[in-house]
Structure formats: C-alpha cells, structure tokens
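First up is the structure itself, then whatever we jot down about it.
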Amino acid sequence: MPTIIINDEKIEFKEGMNVLQACELAGIEIPRFCYHDRLSIAGNCRMCLVEMENSPKPIASCAMPATDGMKIKTNSKIVKDARHGVMEFLLINHPLDCPICDQGGECDLQDQAMYYGFDKSSYKENKRAVNNKYMGPLISTIMTRCIHCTRCVRFSTEIAGVDDLGLLGRGEKAEITTYLEKAMNSELSGNVIDLCPVGALTNKPYEFQARPWELKKTETIDVFDAVGSNIRVDSIGKKVLRVLPRINEDINEEWINDKTRFAIDGLQKQRLDKCYIKENERFQETSWKKALDRIILQINKTSSKNIMTLSGKLSDVETIFSTKMLFDNIGSNNYECRIDNVRIEPKARVSYTFNTGIARIEESDLILLIGTNPRWEASILNARIRKSYLNNNTRVALIGNKKDLTYDYEYLGNSLKILEDILNEKNDFSLLMKESKKPMIILGEAALARQDGNCVLNVCRKMCEKFSIVDKNWNGFNFLNSSISKIGALDIGFYNESFSADVQKNIDKFCSNKESVVFLLGVDEIDMDIFQNSFVVYIGHHGDRGAHRADVILPAPAYTEKDSLYVNLEGRILQAHQCHAPLGDAKEEWKIMKMLGDMLGANMKFKNLHELRELICLSNELFREINVLHKNKFSTFGISGEIIESPIVDVINNFYMTDPISRSSKTMAECTSDILKLNKDALIPND
C-alpha cells in the first residue's frame, strides 16, 4: 500500500484517498465545514488547510489527492496562522446571535471557532444581512448565518436528486436559495438541517422548543416504513421533540426521510390514553377491569371459530406473538397480517423479503422495478438506487405508473403482461437481463395485491431461474414491503393458510357472521364497513379509523413508548427502545394479551418481556440475532396462471400520511398542502 508522512509519522492509505482522509487514518482531526464524506468535494471553506512539502502555500486537504511519499504537516505555525485567518474571514459577516440560535450547543462553527479561531478580529465594518428564504413547512432559514459551504446544495442535487437549491450571485452577493421561493420537493429534505454546519437551516417544527443539553437522547429505530432506519429520539418528559438519524452503513447510512423526522408531533395528537366502551353509539370512558370484562363476556358468548384478529402496519413482534399464543390457547387460528391482500408465499421467506439487502443495491448493474414507487414506499432505499445509478451506471427499468424517481429509467409500460414477454424473450429487456452480471428485481405490493398476484409472483420466480438473477453469491429477487410489521408477523406464523387464496374476500366472509368478534391490533388501513356485523376490539394508540368503528377501545403505547422488536424489509431483526413512559393508562399489547389469557384460563407461558422474547426465539431462531442479515434459501413459490391485462394501481397516494401517527401530524398536513398540492405534477415526468 502507498504511504504518506504526516507530522513525521508514516501512514498507509488506500489509493484514491485525499489528504484529509489520510490524516484521519493517522488519528489527526482536520477542521472542515464544506467537506462531507458522502458529498462531492467543493473546497469552499478552506478550513482544512495543511502544509505540504515543496508547496509555496497551504493546501486544501479535502481537494488534494494523497500520493505515495507525500509529506504533510498539520500542526505547524503556517497551518495555525492559516486557520486563524480563515476563521476570521468566516466570522466577518456571521451574526452574533448564538443565544437565540437553535444550533447553539451543537454548532460546528461555534466549536471550531473556540478551538481554531483567533481572539480578535481586524474587521470593524458593518455585517451584511441576507433575506431569509422560504423552503417549505419543514426547514427554517436564517440566511445571514450562511457561510456558503454548499453542503445543502450538493445534497439536494446528488443524494436527493432534486435541483431545488442553488447558489446565486457572486462575492458578497452570493446567496443559497430555492430559486423560485418554493418548498423543497424531496422526501429527504430534512437532512440538509443535519448537514448545515451553522444555524442557517434549522428544524422549523422544533424551533425554540429546547436546548440540546436539556433533552433525553434514546437510540432506537423508525417504524414509518419497512426500512427500519436507525434514529435517535430526543425527548423531554413524555414529549418527543425531534428525531435525528444514526449512522448505519447497511441500512440508512446517515439519512432519514421527512416523515421519520417530522411526523412525531402526531404522537401527541388524537391519542388514546383511556379505555372506552361504546354504549348507545357513544363512547364512554371506563376502567381496564370493566373493558376487559366486556370483552371476556363477548368471547364467552361465541365460538372460538368466530373470533379473529388482524395486525396493523405498526404492530411489533411481541404484540403479534402474544396475540397468536392467546388465540392458539383458545382454539382459534383466525389471525392474519396480510390485510393488504398481497399474494405472497408465507412459508417461503425468500418470497417476502428484500433478499439482496439495501447496501448491496450498489453492486447491481441492472434493476427492474415492478409495481412499486420506491421514492414513496422506501425513500432511503430509493436513495441507494440513485447512488448506484450515479456511481455504477446502473440501468433501471420500470413497469408501472410513470413517476419521477430522481434518476433516469427505461419505461416498459403499465401492464404486468410485459413480464411474460420478458420471460419468453419477446421483449428487448430480456437481452439486458441475460447480459447483466448482478441483475435485481424489486417487486412492489401493487403488483401482488391483485387477483393475479400469485401468477405475477410465479413469473418473477421463473425469471430469476432463467436469467441467473439468483445464484450462490447473489440473490436479486426482492419484495419491497411498505409495512414494518408484516415480515415479523409472517416469520412467527401470524397468518391463516385457508385465507391465502384471497385474504380480503375471506376476511369479508368471516365478518359477515353476526356472532364474530374481531381484534384489531392498530388496524386502520382497511374498509371498516366489513365489520358492521362484528363486535370489534381495537387495541392501539390513536383515535383513527379502527377506533371509530370499535365497540371496545384499549389504549396501547406508540413505538417511542415501549421496548419492542421489529423486522425490516430485508428480514433483519431490529430493536426499538423506550424513550419515555406510555401516555395515560396505556399498556403494552403483550400485557393486555397476558391479562386476557389469564382471565380466560389460557396457558400464557410468560410473565415478563424477557420470558416472552425467549419464547419468540424458541419459535424462530432468527430472532436470537439483532441487526443480522440472513441468507434465505431460494425455493418454489407462486402459482401458474395467466396474468390479467389491467393497469397497476399504486398503493401510496400521499407519502406524508400513511399511518395513524402521520395522519394525526399537523406538520404532515402542512406538507400535504404545501408540497403535494402545490407540486401535484412534480412526480410525473414530462413525456
């Protein structure tokens, strides 16, 4: 390996590294504002200056490639004087408003000015002022603070794939702006807040809420989509004030989407914190004992074959497993997680997981998207596809509705019959599949939530076998699930095989029985009219559609209020941690099932969360390992048949409101109004 001499010490480095990265290998901190590992190099701020042998002046270490034998000094007088000078220039126009700045306490400029700055300034002229810019309901701007590092501009162009931000003007007239003073039209826009090294771009909903040192910081995971992004939740008491990303190279790198970051105000709105019983078509507040007694009375009045439970989008593994245990004990197997009617093979894990893995998307040279909009269904995953498209020239094709995915793709049409043509080599895309070294299929819920979903699944499996999409070192078959709960539910067997042919039809048929009792575990995304003849028990945390239809409501904690397990779209087991105690009288769902089981005389084999998790591990050994990506054996799945000639209907119509928490969020309502309605044509490219 090549070597570089830094402060008289030899350091080995990899080809392609710059001097700044080589210095970090040596354990030397180089100050910087504009440089970021995941963005292109701009060399704007000049804070990273170092001394290089035979160079007449200091060099910008971020923009200088490291070469074999190069000699660098990072602590010489020339370097210290240069940093003093650069910091003095940066502070010429920076306002002295640290006491009222939301960035105070976690500001890069503040920290570096203390460590590398000078104790006086040569400049006495008046500071310039810059008008604030409108960037939508999520990002607050105080542009006088901007130091023109252009991190936000490079992020929006390179990572988010939108050209909404740019630098206009020159010299002291230079300004970062959204050009036309409109909202930034990206699902990842909030990441520019983290990237801004000063207080120019801050979190608008969090504005003036708290200081960083006042917050309790809890590392957990996101549940708004199936990616399972690693996050940090900052809270005071029982109120979540903000969400920040945590670095996980295998899942979300260091980005999160705007729903993850900003929908948290919905955790305080329309919450269920008391038990309710419906009497004379009106909800009456009641105690836990009376509510549970009412449920037991109804269960005892009916046969176990007439009792059913459905799991929702945000249900954790403990909730689903304890519910399944209760139902098995009372002699009912009427439990189901496939309420979206997606035709997958529950016994073949390879058929319902993202087998390639999110990180390995970057290795693919050809991606076929079938009935999916990854920009809305999994924004972080879509950013990986864009990264692969930019860095590896990955070719992307789409079968489905035309949409702006932030990268170019070949549009094959909106009929799944095209899959049969590709399989039978009647479509030109077949040749690309043959020639590709690491092809990928990404199959969306919209492609399988149809009458012919099993046939579509079967054709995709045959394509994998014919075009070597799956081999011993590569599995390119992927199902893109949009719900964090479904894969965990399937892994522990929370489904009824007799429902598989048409889950929706079988649920409707079951509920037509006037004696039926239905438990809804946070289920809100289903037609509630089918329960008009049923006795409905709703267990959840928001007064959404399911709660409105319920006969008994039992309050449960939201994802920030309990320790729980989830399984992301890759099949990776992830652990969420409690940020604060549940609101009101809410109890964890597994505790509710334990109480019901004890009252019914069922043999619930656990007394606490530890024992419950041990039972989960005994039922499926995969749950013993957290954050591990397992290889799934490729097997037969799908049913032979003809694919119907009909257009694909997307499963998400509003990115900002997909679950009870985001539907309760005022911030997400503003995004729906300001971004979706005002930019309703933005996601549809011109023909």
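Aromatic rings of F477 and F637 (six-membered ring for Trp) have centroids within the 6.0 Å cut-off, being under it. Between F494 and Y335, a ring centre-to-centre spacing shorter than 6.0 Å is recorded. Checked against the 6.0 Å centroid criterion, the rings of F519 and F327 qualify as a close aromatic pair.
A salt bridge between D551 and K278 is absent, with no side-chain N of the basic residue lying under 4.0 Å from a carboxylate O of the acidic one. Look at E318 and R613 and you find a salt bridge, because one of the NZ, NE, NH1 or NH2 atoms lies within 4.0 Å of a carboxylate O, short of that distance. Taking 4.0 Å as the cut-off between side-chain N and carboxylate O, K417 and E420 count as a salt-bridged pair. In this structure, R232 pairs ionically with D234, as a charged nitrogen and a carboxylate oxygen lie closer than 4.0 Å.
Nearest heavy-atom pair across W376 and N654 is CZ3-N, 4.0 Å. Of all the heavy atoms in S287 and C275, the pair that sits closest is O-CB, 4.0 Å. For the residue pair I469 and I441, the shortest heavy atom distance occurs at CD1-CD1, 3.6 Å. For S311 against I339, the heavy-atom pair with the smallest separation is O-CD1, 3.8 Å. A pairwise comparison of heavy atoms in K324 and G493 identifies CE-O, 3.2 Å as the closest pair. Pairing each heavy atom of P557 with each of E561, the nearest pair is CA-OE1, 3.4 Å.
Remark: the R271 side chain and the S664 side chain contain no N/O donor-acceptor pair separated by less than 3.5 Å. Side-chain atoms of S482 and E377 include no donor-acceptor pair closer than 3.5 Å. Checking N620 against D491 by side-chain atom types alone, no donor-acceptor pair falls below 3.5 Å. No side-chain donor from either of N306 and S303 sits under 3.5 Å from a side-chain acceptor of the other. Between the side chains of D524 and Y538, a donor-acceptor pair is found at a separation under 3.5 Å. Side-chain contact of N454 with R343: a donor-acceptor pair under 3.5 Å is absent, judged by distance alone. Under the 3.5 Å distance criterion, with hydrogens and angles disregarded, a donor-acceptor pair is assigned to the side chains of S516 and S534. Checking S483 against S485 by side-chain atom types alone, a donor-acceptor pair falls below 3.5 Å.
With a 4.5 Å cut-off on side-chain heavy atoms, R624 and L618 count as touching. You'll find the side chain of I320 stays beyond 4.5 Å of the side chain of C337, heavy atoms only. The closest side-chain heavy-atom distance from W288 to L554 is below 4.5 Å. In this structure, the side chains of L569 and V227 come closer than 4.5 Å at one or more pairs of heavy atoms. In this structure the side chain of I380 never reaches within 4.5 angstrom of the side chain of T260, judged on heavy atoms. Annotation: side chain of L443 is in contact with side chain of L457 (closest heavy-atom distance under 4.5 Å). Counting heavy atoms from C-beta outward, R294 and T286 have side chains that stay 4.5 Å or more apart. Taking 4.5 Å as the limit, every side-chain heavy atom of T220 sits out of range of all side-chain heavy atoms of T560.
Atom NZ of K238 has more than 12 neighbouring heavy atoms from other residues, nucleotides or ligands inside a 6.0 Å radius. Dense packing is recorded around NZ of K466, with more than 12 heavy atoms of other residues, nucleotides or ligands lying under 6.0 Å away. Counting non-hydrogen atoms of neighbouring residues, nucleotides and ligands closer than 6.0 angstrom, the CD atom of Q451 reaches no more than 12 such neighbours. Sparse packing is recorded around NZ of K290, with 12 or fewer heavy atoms of other residues, nucleotides or ligands lying under 6.0 Å away.
With rounding to the nearest 0.5 Å, the separation of CD in E285 from CD1 in I553 is 11.5 Å. Taking CD from E614 and CG from N608, the interatomic distance works out to 11.0 Å, rounded to the nearest 0.5 Å. Between the CG atom in L326 and the CD1 atom in I330 there is a gap of 5.0 Å [rounded to 0.5 Å].
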Chi angles and distances behind the salt bridge (charged side-chain N to carboxylate O under 4.0 Å, His left out) call for K594, E589: CA-CA 9 Å; K594 170 68 173 167; E589 294 91 335; over 6 Å; no
Worked verdict on I526 versus F531 for side chain to side chain contact (heavy atoms under 4.5 Å, CB included): CA-CA 10 Å; I526 194 171; F531 303 120; 3.9 Å; yes
Side chain to side chain contact (heavy atoms under 4.5 Å, CB included) between E187 and N382, intermediate numbers included: CA-CA 10 Å; E187 298 73 32; N382 193 63; over 6 Å; no
Stepwise salt bridge (charged side-chain N to carboxylate O under 4.0 Å, His left out) test for K347 and E345: CA-CA 6 Å; K347 289 187 176 180; E345 176 48 63; over 6 Å; no
Full working for side chain to side chain contact (heavy atoms under 4.5 Å, CB included) between E588 and L609: CA-CA 10 Å; E588 288 96 326; L609 184 60; over 6 Å; no
Step-by-step salt bridge (charged side-chain N to carboxylate O under 4.0 Å, His left out) determination, E525 to R663: CA-CA 12 Å; E525 289 74 27; R663 282 194 291 270; 2.7 Å; yes
Derivation of the side chain to side chain contact (heavy atoms under 4.5 Å, CB included) call for L615 and E611: CA-CA 6 Å; L615 291 172; E611 291 180 3; 5.7 Å; no
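Of the listed residues (L574, D316, I626), just one forms a side chain to side chain contact (heavy atoms under 4.5 Å, CB included) with L565, and that residue is I626.
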